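Data first, discussion second: the structure below is written as structure tokens.
Note that this is a predicted model, so its numbers are computed, not measured. Residue numbers start from 1 in every chain, and the chains themselves are labelled A, B, ... in the order their sequence lines are given, proteins ahead of strands.
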There are 2 protein chains.
Amino acid sequence: MIRIGISGYGNLGKGVEAAVKHNPDVELKVIFTRRNPADITPITKGVKVDSVDNAALYKDEIDVLILCGGSATDLPKQTPHYAAMFNVVDSFDTHANIPEHFSEVDKAAKSGGNIALISCGWDPGMFSIARVYADSVLPGGETYTFWGKGVSQGHSDAIRRVEGVLDARQYTVPVQAALDAVRSGSNPVLTTREKHTRECYVVVKEGADKARIEKEIKEMPNYFADYDTTVNFISQQELDAKHKGIPHGGFVIRSGKTGADNEFDNVIEYSLKLDSNPAFTSSVLVAYARAVARMSKEGKTGCVTVLDIPPAYLSAKSGEELRKSML
Amino acid sequence: MIRIGISGYGNLGKGVEAAVKHNPDVELKVIFTRRNPADITPITKGVKVDSVDNAALYKDEIDVLILCGGSATDLPKQTPHYAAMFNVVDSFDTHANIPEHFSEVDKAAKSGGNIALISCGWDPGMFSIARVYADSVLPGGETYTFWGKGVSQGHSDAIRRVEGVLDARQYTVPVQAALDAVRSGSNPVLTTREKHTRECYVVVKEGADKARIEKEIKEMPNYFADYDTTVNFISQQELDAKHKGIPHGGFVIRSGKTGADNEFDNVIEYSLKLDSNPAFTSSVLVAYARAVARMSKEGKTGCVTVLDIPPAYLSAKSGEELRKSML
């Protein structure tokens, strides 16, 4: 059995707990929290809950610690901190800061003789894998990533910060015409506006100036100004009834040429359609915790990404079984 | 530079030669043939052509030998033979015999201190990878593989063996309703007939009994009897004009549940749309030759499959560059 710990019991931590149940060779031993441990009741029987301050006491009780904090402020500190004590997996997703995070975590993991997998999940994660395979097996081509239809927490939060807004949900939606153009093999040059639209569902205070709110949202730099954005004002009741889920997904598409005279077109496409973004991300984290446990047993140390891990390491099945039934 | 040899200069061997041109860190050194070497003129300047009997003389001139023979009779003998001398990559695709082939090749490769990658290409190959990742990150679910629309050489050959047939092309076509049912997440149980249809384009001798030929094709056991098959009689001219290509492709789709109460549906889909089956397969073989050269440098020996190789090993880009630009 692979013994798992969770650090952080929000959406992602709860998702990891649920995902463990789908993996008979994995068991959850302990949840670390910054809150009062007595306030947390895990779904799984027999799981300990303890303060993050006591984590070091569990060094010999878990094989892999899954870090379920946020990328903005938690993981840049937590991952190096824990990688010195445990084998760890995180879902650090601030793409621009990955090289720096890798370097910090690598030092910490090597100092502790541990292995640390960073930036696991679906993007970065399964989408990164799809991009690298497609780029490698079809070198003459272009790769496109589309996200959605799905909820962007960051954009939803940005809308909530607008004066007069009570609640909001923002969906990122890939533009069908852009998807079609990419699939046609024409390797189009696409602007930000041509790739995705943004759909907002907004609940406002009674008497709020909707025209001003809509304008503020649509003109918000970085978040909305570069997109075609639609703003729908709805009641809290409707938002709760229709927009409480956290679906997401997307597409990685590469089109490219083969043949002595580039005479053949090819399209490689990988897509995900997820009812719950955190539940799927957690499921990926648990599969990779298995891989990390195996690599640690082989003596591997330091920081790695999903690109460094063979597919077979994720599977509960043996190499023999995989060759027989899945190759 | 990674120095490549090719054994066998048919569709696949020629495809490898073309694919090498898309990979600036790979060069083609020699082509081994069972034919008279003087009868072969490679497209690439400076490439030697020699008899398979002289292969051993090139032991220090190439890093990886790509075996471009057929799975029925060539590769079961050739791969162990060459794996004792060279690092090799083959595209052995008789799924049922992979475990036996693996075992034979493993012995030979280890005896020579070489690494041998078997069953590379897209199925087995990229589709196997898609199946194993999807099965691992979404353990509560079902995986479906669909092939086509594409030309099946085996089925085309089978039609050509029918009395009165001069030429034929057979397309395997996935059934749209089955694809839709799988994508809906309903995890349907699908019969062979429900998953694919077979479309045949047949040229017959003048005066041949078309009704008898159509009946013989449709009732052919293993090949056609279990499918809804359509037979179209056309002229050689039309076949040459419209059906000379070797397109193929297909879909690997997994749908499955996540969440503490299995309350979330998820669909993972990987698909390929290829103008030329052998040209794409060759492109995959060359990317994996790079991986094999790297693993050999690290001292790895014996038989491996695509499931044992990390994605990053296929890429011409460094780990640092991949983390920065593609993760």
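- Listed options A291(A), S136(A), G140(A), A260(A) were ranked by heavy-atom pairs under 4.5 angstrom with chain B; first place goes to S136(A).
- Between P76(B) and F92(B) the shortest side-chain heavy-atom distance falls below 4.5 Å.
- Using a 4.5 Å cut-off between heavy atoms, D261(A) makes no contact with chain B at all.
- Between E104(A) and K107(A) there is a salt bridge, since a side-chain N of the basic residue sits under 4.0 Å from a carboxylate O of the acidic one.
- Only the side chain of I43(A) comes within contact range of chain B, with at least one heavy atom under 4.5 Å from a heavy atom of that chain.
- Expressed to the nearest 0.5 Å, how far CD of E269(B) lies from CD1 of I253(B) amounts to 4.0 Å.
- Contacts of L138(B) with chain A are made by both backbone and side-chain atoms, with heavy-atom separations under 4.5 Å.
- Proximity to chain B (any heavy atom under 4.5 Å) is restricted, for F102(A), to the side chain, taken from C-beta onward.
- Shown are W122(B), W147(B), F146(B); of these, the ring-ring contact (aromatic ring centres under 6.0 Å, His included) with H248(B) is made only by W122(B).
- Only the backbone of I309(A) has a heavy atom closer than 4.5 Å to any heavy atom of chain B.
- Interface residue Y288(A): only side-chain heavy atoms are found under 4.5 Å from chain B.
- Only the side chain of T305(A) comes within contact range of chain B, with heavy atoms under 4.5 Å apart.
- Cation-pi contact between R183(B) and F251(B): present, with separation from the ring centre below 6.0 Å and deviation from the ring axis of at most 45°.
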Test log, rule side chain to side chain contact (heavy atoms under 4.5 Å, CB included), inputs R254(A) and V267(A): CA-CA 6 Å; R254(A) 184 170 181 84; V267(A) 180; over 6 Å; no
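- Looking at K317(A), the atoms closer than 4.5 Å to chain B (heavy atoms on both sides) all sit in the side chain, from C-beta outward.
- Comparing D123(A), T44(A), L285(A), T258(A) by heavy-atom pairs within less than 4.5 Å of chain B, the highest count is held by T258(A).
- Residue contact with chain B, scored on non-hydrogen atoms closer than 4.5 Å, is absent for V20(A).
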